[in-house]
Amino acid sequence: MSLLVVSCSSDDGPGSPAGLAPPIELDCSLLEEDVTLVDNPDAPVDYIINCRGQVKGKLTIEPGVVIEFGSDAGLRFHGTSSIQAVGTADKRIIMRGTEPSPGWWQGLNFITTNNTGIMEYVDISHSGGQTYNGIGESSIIVYNRGALIMNNSSIRHSEGTAFTAIKGSKVTLENNTFTENVQPLIMTYTNADVISASNDFTGNEIDKVTIITNGGALGENHIWQNINVPYVIQGTLGIGTGGSITVEPGVEIEMASGSSIKVQEGGLKLVGTETMPIIIRGENPGAEYWENISIAGANAMNEIGYAKISGAGENPSSNKGAVYLYYSAKLNIHNTEFKDLASCGVYGKLLHSQSENPNYESSNLTFINTPCTELFERG
């Protein structure tokens with residue numbers, strides 16, 4: 001089904017100046033089938049949506065289409081439904097509220113199993129009124145097995161987060177702008193490697209990208225790119241067998257209260273440069289804010305270098321090191337500064353037969369305002 005704009009009426013409609021073609025008010029029941037929305041060059045606004053549409057077919061939006069959403073309206077994609085909203089640099093697709101107020105309309109929700117959904121050259125504004133399964137306000141929510149490719153697009157003036165993708169969702173984000181929102185992005189840890197430096201996350205109330213963990217362990221190889229805002233880790237970021245995280249030079253990571261990085265049999269490479277160190281700090285200043293980086297395995301990849309680590313050591317009676325090594329854990333740490341800790345910089349456990357950890361190397365470490373430097377104990 002194609003919705004074509006053909007109108008000779010001189011009647012004014014919402015969003016349409018006198019003498020120009022009025023918009024079509026879209027009946028959301030049509031979204032249960034395949035629908036194509038086309039651009040009418042005589043209409044400043046092509047479509048008005050005043051309902052919460054349940055998309056069950058393929059929604060195609062052609063270049064240049066302008067859609068305005070009424071109060072509390074929005075679109076939710078179910079089952080095998082998909083979106084094909086592909087504009088161009090000269091004919092962008094516009095999705096905005098009928099009123100220029102943050103959260104005026106709900107936004108887009110993808111719980112579809114179809115991974116062909118794509119949005120290119122799409123500008124979204126004044127949405128973010130939706131919540132879903134405990135997720136706070138967000139303009140776009142990709143949930144569970146939902147999938148979406150979003151490139152060369154923008155989200156502005158969201159009531160809350162611009163883009164949220166969690167619970168096993170699959171997304172691709174390239175060359176997007178997330179600005180003038182409360183915060184730009186919330187992403188599950190299994191998707192953190194798709195957070196591309198080609199995106200702009202600045203100009204929001206909170207210029208941070210939040211990484212949500214669920215207690216599981218990463219089993220793939222990821223690279224965290226040097227984006228233009230800090231990452232915030234919430235919870236325990238686990239790295240398991242077959243998994244690894246390589247953090248690029250210059251990356252800043254903030255640790256939420258109670259958060260930690262736990263390297264099991266996986267690998268962790270935190271190596272900056274002298275001019276672009278990797279910074280890992282508490283989300284708020286001061287010692288004893290977050291737990292630690294713990295390493296249990298003997299993965300040869302484990303390395304920390306040209307890094308600055310601060311604010312760790314929560315629960316210092318049981319958490320004895322900002323970097324905590326279990327028996328014979330592998331780590332090469334060098335050119336790293338520890339500052340404002342509630343416990344040691346590096347703490348390791350030894351077997352009763354050991355006097356040192358044979359898999360541990362350290363050099364050029366600096367300790368500022370720490371109870372101790374490097375400590376290894378049997379037991």
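Residue numbers run from 1 in the order of the sequence given.
- Closest approach of Ile111 to Arg76, counting heavy atoms only: CD1-CD, 4.2 Å.
- Between Tyr121 and Val86, the closest side-chain pair of non-hydrogen atoms is not below 4.5 Å.
- If you chain together hydrophobic residues whose side chains sit under 4.5 Å apart, Val122 and Leu37 fall into the same group.
- Asn319 places a side-chain N or O within 3.5 Å of a backbone atom of Glu291 that can act as its donor or acceptor partner.
- In this structure, the side chains of Val66 and Arg96 come closer than 4.5 Å at one or more pairs of heavy atoms.
- Taking all atoms of both residues into account, the shortest heavy-atom contact from Pro184 to Val209 is CG-CG2, 4.5 Å.
- Across all non-hydrogen atoms, the minimal contact from Ala322 to Ala312 is CB-CB, 3.7 Å.
- The minimum heavy-atom distance linking Leu59 with Leu31 is given by the pair CD1-CD2, 4.1 Å.
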Please test Glu68 against Thr98 for side-chain hydrogen bond (donor to acceptor under 3.5 Å, both in side chains), starting from the C-alpha separation and ending with a verdict.
CA-CA 5 Å; Glu68 288 190 349; Thr98 54; 5.7 Å; no

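- Note that OH of Tyr231 is 15.0 Å distant from NZ of Lys208, once rounded to the nearest 0.5 Å.
- Between the Asn357 side chain and the Gly348 main chain, no donor and acceptor come within less than 3.5 Å of each other.
- Put simply, the side chain of Phe201 reaches to within 4.5 Å of the side chain of Ile195, judged on heavy atoms.
- A salt bridge links Arg281 with Glu254: the closest approach of a Lys/Arg side-chain nitrogen to an acidic carboxylate oxygen falls below 4.0 angstrom.
- Contact between Ala298 and Asn359 at its shortest, heavy atoms only, is CB-ND2, 4.5 Å.
- Linking Ile, Leu, Val, Met, Phe, Trp and Tyr residues whenever their side-chain heavy atoms come within less than 4.5 Å places Leu218 and Val247 in a single cluster.
- Gln225 contributes a side-chain N or O that, together with a main-chain N or O of Ala197, makes up a donor-acceptor pair within less than 3.5 Å.
- Within the model, atoms CD1 of Ile118 and CD of Gln84 stand 6.5 Å from one another, a figure rounded to the nearest 0.5 Å.
- Taking the six-membered ring where tryptophan is involved, the planes of Phe376 and Tyr360 are tilted, since the angle between them lies from 30° to 60°.
- Smallest separation of non-hydrogen atoms from Ile309 and Trp290: CG2-CZ2, 3.9 Å.
- A heavy-atom distance below 4.5 Å is found between the side chains of Glu374 and Leu365.
- Follow the hydrophobic side-chain contacts under 4.5 Å out from Met187 and you never reach Ile141; the two are in separate clusters.
- Within 6.0 Å of CD1 on Ile223 lie no more than 12 heavy atoms contributed by other residues, nucleotides or ligands.
- Ring-centre distance between Phe110 and Tyr143: not below the 6.0 Å cut-off.
- Hydrophobic clustering (ILVMFWY, side-chain heavy atoms < 4.5 Å, transitive): Leu237 and Val194 are in one cluster.
- With hydrogens and angles left out, the side-chain atoms of Ser158 and Ser139 include a donor and acceptor closer than 3.5 Å.
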Worked check of side-chain hydrogen bond (donor to acceptor under 3.5 Å, both in side chains) between Glu25 and Asn50
CA-CA 8 Å; Glu25 183 167 350; Asn50 283 315; 3.2 Å; yes

Step-by-step side-chain hydrogen bond (donor to acceptor under 3.5 Å, both in side chains) determination, Gln354 to Tyr327:
CA-CA 9 Å; Gln354 293 177 322; Tyr327 307 97; over 6 Å; no

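- Salt bridge annotation for Glu33-Lys56: absent, with no cationic side-chain nitrogen under 4.0 angstrom from a carboxylate oxygen.
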Assess whether side chain to side chain contact (heavy atoms under 4.5 Å, CB included) is satisfied between Asn204 and Thr202, documenting all intermediate values.
CA-CA 6 Å; Asn204 305 279; Thr202 61; 5.6 Å; no

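- Under a cut-off of 6.0 angstrom, the local environment of CD in Glu274 is sparse, with at most 12 non-hydrogen atoms contributed by other residues, nucleotides or ligands.
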List the steps and the verdict of ring-ring contact (aromatic ring centres under 6.0 Å, His included) for Phe69 and Trp104.
CA-CA 8 Å; Phe69 291 81; Trp104 179 257; over 10 Å; no

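- Side-chain polar atoms of Asn175 and Asn151 form no donor-acceptor pair below 3.5 angstrom.
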Under the criterion side chain to side chain contact (heavy atoms under 4.5 Å, CB included), I'd like the reasoning laid out for Tyr47 against Val38: C-alpha separation, chi angles, the key distance, then a yes or no.
CA-CA 9 Å; Tyr47 300 94; Val38 301; 3.9 Å; yes

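- One N or O on the side chain of Asn199 and one on the backbone of Asn176 form a donor-acceptor pair closer than 3.5 Å.
- Aromatic ring pairs are classed by plane angle as parallel below 30°, tilted from 30° to 60° and perpendicular above 60°; the pair His126 and His157 is parallel.
- Contact of the Asn299 side chain with the Glu265 side chain is not registered, since no non-hydrogen atoms from C-beta on lie closer than 4.5 Å.
- Side-chain contact between Cys51 and Ile49 is present, with at least one heavy-atom pair separated by less than 4.5 Å.
- Counted by atom type alone, Thr116 and Asn114 present one or more donor-acceptor pairs between their side chains at under 3.5 Å.
- Between the side chain of Asp34 and the backbone N or O of Lys58 there is at least one donor-acceptor pair closer than 3.5 Å.
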Passes side-chain hydrogen bond (donor to acceptor under 3.5 Å, both in side chains), Tyr132 versus Asn109? Steps please.
CA-CA 8 Å; Tyr132 184 77; Asn109 187 332; 5.6 Å; no

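- Remark: the backbone N or O of Thr236 is paired with a side-chain donor or acceptor of Thr213 at under 3.5 angstrom.
- Looking only at atom types and distance, the side chain of Tyr324 has no donor-acceptor partner in the side chain of Asn292 under 3.5 Å away.
- Judged by distance alone, with hydrogens and angles left aside, the side-chain atoms of Glu159 form no donor-acceptor pair with the main-chain N or O of Glu137 at under 3.5 Å.
- Under a cut-off of 6.0 angstrom, the local environment of NZ in Lys330 is crowded, with over 12 non-hydrogen atoms contributed by other residues, nucleotides or ligands.
- Under the side chain to side chain contact (heavy atoms under 4.5 Å, CB included) rule, Ser154 has a single partner from Thr179, Thr177, Ile124, which is Thr177.
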Working for side chain to side chain contact (heavy atoms under 4.5 Å, CB included), residues Arg52 and Asp72
CA-CA 7 Å; Arg52 299 183 188 179; Asp72 207 32; 2.2 Å; yes

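- Put simply, the side chain of Ser353 never gets that close to the backbone of Leu351: no donor and acceptor are under 3.5 Å apart.
- Judged by distance alone, the side chain of Asn144 and the main-chain N or O of Ser169 form no donor-acceptor pair under 3.5 Å.
- Formation of a donor-acceptor pair under 3.5 Å by the Thr112 side chain with backbone atoms of Ser81 is found in this model.
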Could you go through Ile155 and Met150, starting from their C-alpha distance and side-chain angles, then the distance that decides it, and tell me whether this counts as side chain to side chain contact (heavy atoms under 4.5 Å, CB included)?
CA-CA 11 Å; Ile155 301 178; Met150 183 174 176; 3.8 Å; yes

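- Contact check for Ile61 versus Met95: side-chain heavy atoms found under the 4.5 Å cut-off.
- Aromatic ring orientation, Phe338 versus Phe367: parallel (interplanar angle below 30°, classes split at 30° and 60°).
- In this structure the side chain of Asn335 reaches within 4.5 angstrom of the side chain of Asn364, judged on heavy atoms.
- In the hydrophobic clustering of ILVMFWY residues, with side-chain heavy atoms under 4.5 Å counting as a link, Leu75 and Val35 come out together.
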